[in-house]
**Q** 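Dropping the structure in here first, questions after.
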Amino acid sequence: MKTALILGITGQDGSYLAEQLLAEGYVVHGLVRRASMFNRSRIEHLRTAPASGKLTLHYGDLTDVTSLRRILEKEKPQEIYHLAGQSHVGLSFEIPEVTCQENGTATLSLLEILRDLGYPVKLYHAASSEIFGAPAAAPQNEGTAFNPVNPYGCAKAFAAQLCRVYRNAYGLFACNGIAYNHESPRRGENFVTRKITLGAARIKAGKQTEVLLGNLDSRRDWGWAPEYVTAMRLMLQAKAPGDYVLATGRACSVREFAAAAFAELGLELAFEGQGPAELARRKDTGAVVLRINPKFYRPVESTTLVGDAALAKSKLSWSAKTIGPDVARQMARADFAALTP
Ligand code: GDP
């Protein structure tokens, strides 16, 4: 029976990963941040439901190195999935130091602990497409040069490169999953996908009248989170450690994502900026107007982020199945279902 430790178990990916590992019969340990309020809504069902494996939660902090070391020495997990840290790009401009501490320095501390550990361990590090930022070419692959354009991307680039250094210098089994945006009904509500699908569901249910967004022409390579979590598991079962791009290979605009989500719930959508006459006509037909608020614009945007996951396909037999507009449709359906008893 295998033992795994998930750092960031209360997040979107952590909760899906815990589900998959428990179903595989793993003993799963999760690190939960100590806070005055519980933040366990995404894993509450796993604490009570019967599973083949066993789940134990530890209350501590990623940036508290000693507590992390103690958990590792006591539980001796063979696999560590490091998914923890402030993950919102927009927010990383507001709190860059916390973002770099949690995503950068804390990863270095973890690597140092693993270097000294008296038994072999495998590490999955959640790197991000944001390490590429403004890449010279699209699509990007594992050989593309890092060029982050926001504090989050800088922290992830630092941590990803250190994983490579510890792999090469000390033979540590460390893998970087260079994951492009991956979404689900468990995505935080301040990410654009969830904001759109939850907004569409609430409008359909008569609980909200409009959605305010930033840059509608922004494009992202959006995939389905549970599929990406499967790739994380596969990386640690491979013979040798490596870095893998996880992506759908198709970029979709915020506008296109929103159109798919609203259409799925039978709502007609009009975009601010379609011209006053057209907007008035659409409004008369009952269309929902999607408004722009400049406060949601980023100081700098990552551009042309679209990934080439050919290596994951050939080495891990993994590929993304749910792509952009399908992600929007599934999320909109799930959000609406959750609102209607
Ligand atoms: P990110 O790719 O990790 O930054 O994920 P987000 O979901 O936060 O943002 C994806 C893209 O949507 C970015 O290019 C944003 O500029 C754009 N976007 C447009 N409107 C919004 C909005 O209202 N909120 C957020 N979070 N992003 C928005």
Side-chain angles (χ1 to χ4, degrees), residues 8 11-13 83-96 99 102-103 126-135 138-140 147-157 159-160 177-200 202-203 208 210-225 228 245-248 250-262 269 271-273 288-307 323-325 327-328 331-332 335:
Q12 167 187 265
D13 291 1
L83 316 172
Q86 195 297 101
S87 68
H88 195 272
V89 170
L91 200 57
S92 82
F93 284 105
E94 313 292 327
I95 48 167
T99 304
E102 291 186 357
N103 292 303
S128 160
S129 54
E130 287 294 337
I131 62 177
F132 300 134
Q140 299 83 43
N147 189 20
V149 294
N150 54 59
Y152 173 78
C154 290
K156 285 290 183 187
I178 308 172
Y180 284 63
N181 298 42
H182 44 289
E183 318 293 311
S184 77
R186 294 187 197 167
R187 190 60 144 150
E189 294 174 23
N190 52 354
F191 287 85
V192 76
T193 52
R194 189 74 201 293
K195 198 171 157 187
I196 289 169
T197 60
L198 204 54
R202 285 192 180 137
I203 288 171
Q208 188 173 319
E210 59 178 16
V211 180
L212 284 172
L213 294 176
N215 188 357
L216 299 180
D217 296 314
S218 219
R219 295 168 73 79
R220 287 287 183 276
D221 179 330
W222 277 300
W224 187 243
Y228 286 53
V245 160
L246 304 175
T248 71
R250 150 110 150 70
C252 160
S253 68
V254 172
R255 191 185 297 275
E256 194 186 341
F257 190 96
F262 276 73
L269 191 57
F271 294 97
E272 200 174 51
V288 179
V289 179
L290 221 151
R291 292 198 185 288
I292 307 294
N293 186 330
K295 93 170 182 197
F296 297 114
Y297 273 79
R298 305 269 163 87
V300 186
E301 271 286 0
S302 311
T303 49
T304 55
L305 284 183
V306 57
I323 290 166
V327 174
M331 285 174 70
D335 275 330

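Every number for a ligand or one of its atoms is a count from 1 in the order of the listing. Values below: every heavy atom of this structure, side chains too, minus hydrogens, waters and symmetry copies. Sequence positions, counted from 1, serve as the residue numbers for this chain.
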**Q** Any donor and acceptor pair, going by atom type alone, linking the side chain of Asn147 with main-chain N or O of Ala134 inside 3.5 Å?
**A** yes
**Q** Taking 4.0 angstrom as the limit and counting only heavy atoms of Val89, give me the atoms of ligand 1 inside it, by number and element.
**A** 3 (O), 4 (O)
**Q** Test of understanding: given a 4.0 Å heavy-atom threshold, classify the contact between Leu213 and ligand 1 as side chain, backbone, both, or neither.
**A** both
**Q** Would you check, one step at a time, whether the test side-chain contact (heavy atoms from CB on, under 4.5 Å) holds for Thr197 with Phe257?
**A** CA-CA 9 Å; Thr197 60; Phe257 190 96; 4.0 Å; yes
**Q** With respect to Leu216, determine whether any N or O atom, backbone or side chain, lies less than 3.5 Å from an N or O atom of ligand 1.
**A** no
**Q** Heavy atoms only: which of Lys195, Lys295, Arg220 lies closest to atom 2 (O) of ligand 1?
**A** Arg220
**Q** What's the shortest distance from atom 15 (C) of ligand 1 to any protein heavy atom, and which residue and atom give it?
**A** Glu301 OE2, 3.5 Å
**Q** To check your reading of the model: name the closest protein heavy atom to atom 10 (C) of ligand 1, its residue, and the distance in Å.
**A** Val192 CG1, 3.8 Å
**Q** Which is it for Asn190 and ligand 1 at heavy atoms under 4.0 Å: side chain, backbone, both or neither?
**A** backbone
**Q** Before signing off on this row, confirm whether Arg298 and ligand 1 have an N or O atom pair separated by under 3.5 Å.
**A** yes
**Q** Less than 4.0 angstrom from a charged side-chain N to a carboxylate O is my criterion; do Arg202 and Asp335 meet it?
**A** no
**Q** For ligand 1, is there an atom lying under 4.0 Å from some heavy atom of His88?
**A** yes
**Q** Show which atoms of ligand 1 fall inside a sub-4.0 Å distance from at least one heavy-atom site of Asn181.
**A** 1 (P), 2 (O), 3 (O), 5 (O)
**Q** Suppose I only count heavy atoms of Phe191 and a 4.0 Å limit; which atoms of ligand 1 are within that range?
**A** 5 (O), 6 (P), 7 (O), 8 (O)
**Q** With side-chain hydrogen bond (donor to acceptor under 3.5 Å, both in side chains) as the criterion, how do Asp221 and Thr248 come out once you've worked through the C-alpha distance, each side chain's angles and the decisive distance to 0.1 Å?
**A** CA-CA 6 Å; Asp221 179 330; Thr248 71; 2.6 Å; yes
**Q** If you measure from the Lys or Arg side-chain nitrogens to the Asp or Glu carboxylate oxygens, is any gap between Arg220 and Glu256 under 4.0 Å?
**A** no
**Q** Does the gap between the ring centers of His88 and Phe191 come in under 6.0 Å?
**A** yes
**Q** Which protein heavy atom lies closest to atom 14 (O) of ligand 1, and at what distance to 0.1 Å?
**A** Ser218 OG, 2.4 Å
**Q** Can you find an N/O atom of Gly214 closer than 3.5 Å to an N/O atom of ligand 1?
**A** yes
**Q** Give the intermediate values and the outcome of side-chain contact (heavy atoms from CB on, under 4.5 Å) for residues Arg219 and Thr304.
**A** CA-CA 7 Å; Arg219 295 168 73 79; Thr304 55; over 6 Å; no
**Q** Checking Arg255 against Phe271: charged group under 6.0 Å from the ring centre and within 45 degrees of the axis?
**A** yes
**Q** What's the verdict on side-chain hydrogen bond (donor to acceptor under 3.5 Å, both in side chains) for Glu130 and Asn150, showing C-alpha distance, side-chain angles and the deciding distance?
**A** CA-CA 8 Å; Glu130 287 294 337; Asn150 54 59; 2.9 Å; yes
